[in-house]
Amino acid sequence: MEQQIKSKQRVADHGEVFTAEREVNAMLDMVKQETERIDSRFLEPACGEGAFLAEVLRRKLAVVKQKYGRNPSDYELYALIAVTSIYGVDIMEDNTENCRKRLFKIWNKEYTAVMKKEANDRCREVVKFIFKKNILCGDALKMEQQDGTPILFAEWSQVSGSLIKRRDFELNELLKGHERQMDMDMLLGGWEYDEEIDAYIPAPIKEYPPTDYRRLDDYE
Ligand SMILES: C[S@@+](CC[C@H](N)C(=O)[O-])C[C@H]1O[C@@H](n2cnc3c(N)ncnc32)[C@H](O)[C@@H]1O
């Protein structure tokens, strides 16, 4: 059984008690369909070592295997798209680092088992890069990173084939989109209505050109 507590001090300081696998699975089963959609986005806002994200990744990769396991190039692309949809924030640096490592290990092990060989270095580097961008150390209540700057998340979306587009957003702005109605400030600021999530989304802080998934780490 995995360890749920690292120290009494951490429990007192940060409420750090990790969720056991059984509870994780029971909770994820309540949104089962979403956990099995390769590109559905999940954010664990106090992710610890990624108890929920790890299971979401496993479930998504099982679907990638079932759909694309017999086609190596599709398998690689969609196994990477599964990674792009997983986000986390934790206030403790060691937790975010362990979370990234844990997720990468799951991805690498599953890829190796399905493809019967390890992914090439380029692909593994890009997967690590995406986890670095998506799993951040910061305060999820203040929505700030350790240095006091706003938490920025990259949205990765498949444009066509192997091309992925990245847009960076401020988390606090993104979350406002569910509460707000369009006003003049939003209109002038470039906010748009997104039908899929039934909310307004702000203009991105930065947009990148569509890029082959193997080169996503060209842009820091
Ligand atoms: C109860 S644990 C849950 C961890 C994980 N979600 C799980 O289920 O295993 C709470 C986590 O929140 C983190 N935390 C506490 N305050 C936070 C804050 N303001 N912003 C981000 N993370 C925070 C702690 O470091 C700890 O890892």
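One-based numbering, in listed order, for ligands and for the atoms of each. Because the structure is predicted, anything quoted here is derived from the model rather than measured.
- Looking at atom 12 (O) of ligand 1, its nearest protein heavy atom turns out to be Ala46 CB, 3.1 Å.
- Every atom of ligand 1 with a heavy atom of Phe52 under 4.0 Å away is listed here by number and element: 8 (O).
- Checked by atom type, the side-chain pair Tyr68/Glu76 shows no donor-acceptor distance below 3.5 Å.
- For the 3.5 Å distance criterion, the side chains of Arg59 and Thr35 qualify, holding a donor opposite an acceptor.
- Looking at Arg214 and Ser162, their side chains come closer than 4.5 Å, going by heavy atoms from C-beta outward.
- Looking at ligand 1, you won't find any N or O of Val89 less than 3.5 Å from one of its N or O atoms.
- For the residue pair Tyr78 / Asp39, no side-chain donor-acceptor distance below 3.5 Å is found, with atom types taken as modelled.
- The atoms of ligand 1 that sit less than 4.0 Å from any heavy atom of Met92 are 25 (O).
- The atoms of ligand 1 that sit less than 4.0 Å from any heavy atom of Glu44 are 5 (C), 6 (N), 7 (C), 8 (O).
- The salt bridge (Lys or Arg N to Asp or Glu O under 4.0 Å) with Glu155 is formed by just one residue from the set Arg167, Lys133, Lys206; it is Arg167.
- Counting the atoms of ligand 1 from 1 in the order shown, those under 4.0 Å from a heavy atom of Asp139 are 18 (C), 19 (N), 20 (N).
- Judged as a salt bridge (Lys or Arg N to Asp or Glu O under 4.0 Å), and not counting sequence neighbours, Arg102 has no contacts.
- The protein heavy-atom contact nearest to atom 13 (C) of ligand 1 is Asp90 OD2, 3.1 Å.
- Rounding to the nearest 0.5 Å places CG of Leu80 at 6.5 Å from CG of Leu216.
- For Arg166 and Tyr208, the positive end sits near the middle of the six-membered ring, less than 6.0 Å away and at most 45° from its axis.
- Looking at atom 15 (C) of ligand 1, its nearest protein heavy atom turns out to be His14 O, 3.3 Å.
- At a heavy-atom distance under 4.0 Å, only side-chain atoms of Asn95, from C-beta outward, approach ligand 1.
- Taking only nitrogen or oxygen atoms, main chain and side chain alike, Ile91 reaches within less than 3.5 Å of ligand 1.
- Within the 4.0 Å heavy-atom shell around ligand 1 one finds Gly138.
- The only member of Phe52, Trp156, Phe42, Phe153 that meets ring pair (Phe, Tyr, Trp, His ring centres under 6.0 Å) when paired with Tyr87 is Phe153.
- If you check each of Leu136, Val17, Thr19 against atom 3 (C) of ligand 1, the one with the closest non-hydrogen atom is Val17.
- The nearest protein atom to atom 20 (N) of ligand 1, hydrogens excluded, is given as Ala140 N, 2.8 Å; this is a heavy-atom distance.
- By the criterion of a heavy-atom distance under 4.0 Å, neither the backbone nor the side chain of Glu49 is placed next to ligand 1.
- Backbone and side-chain nitrogen or oxygen atoms of Ala51 are examined, and none is located within less than 3.5 angstrom of a nitrogen or oxygen of ligand 1.
- Near Gly15, with a cut-off below 4.0 Å to any heavy atom, the atoms of ligand 1 are 1 (C), 2 (S), 10 (C).
- Taken to the nearest 0.5 Å, the CD atom of Glu55 stands 12.5 Å off from the OG1 atom of Thr19.
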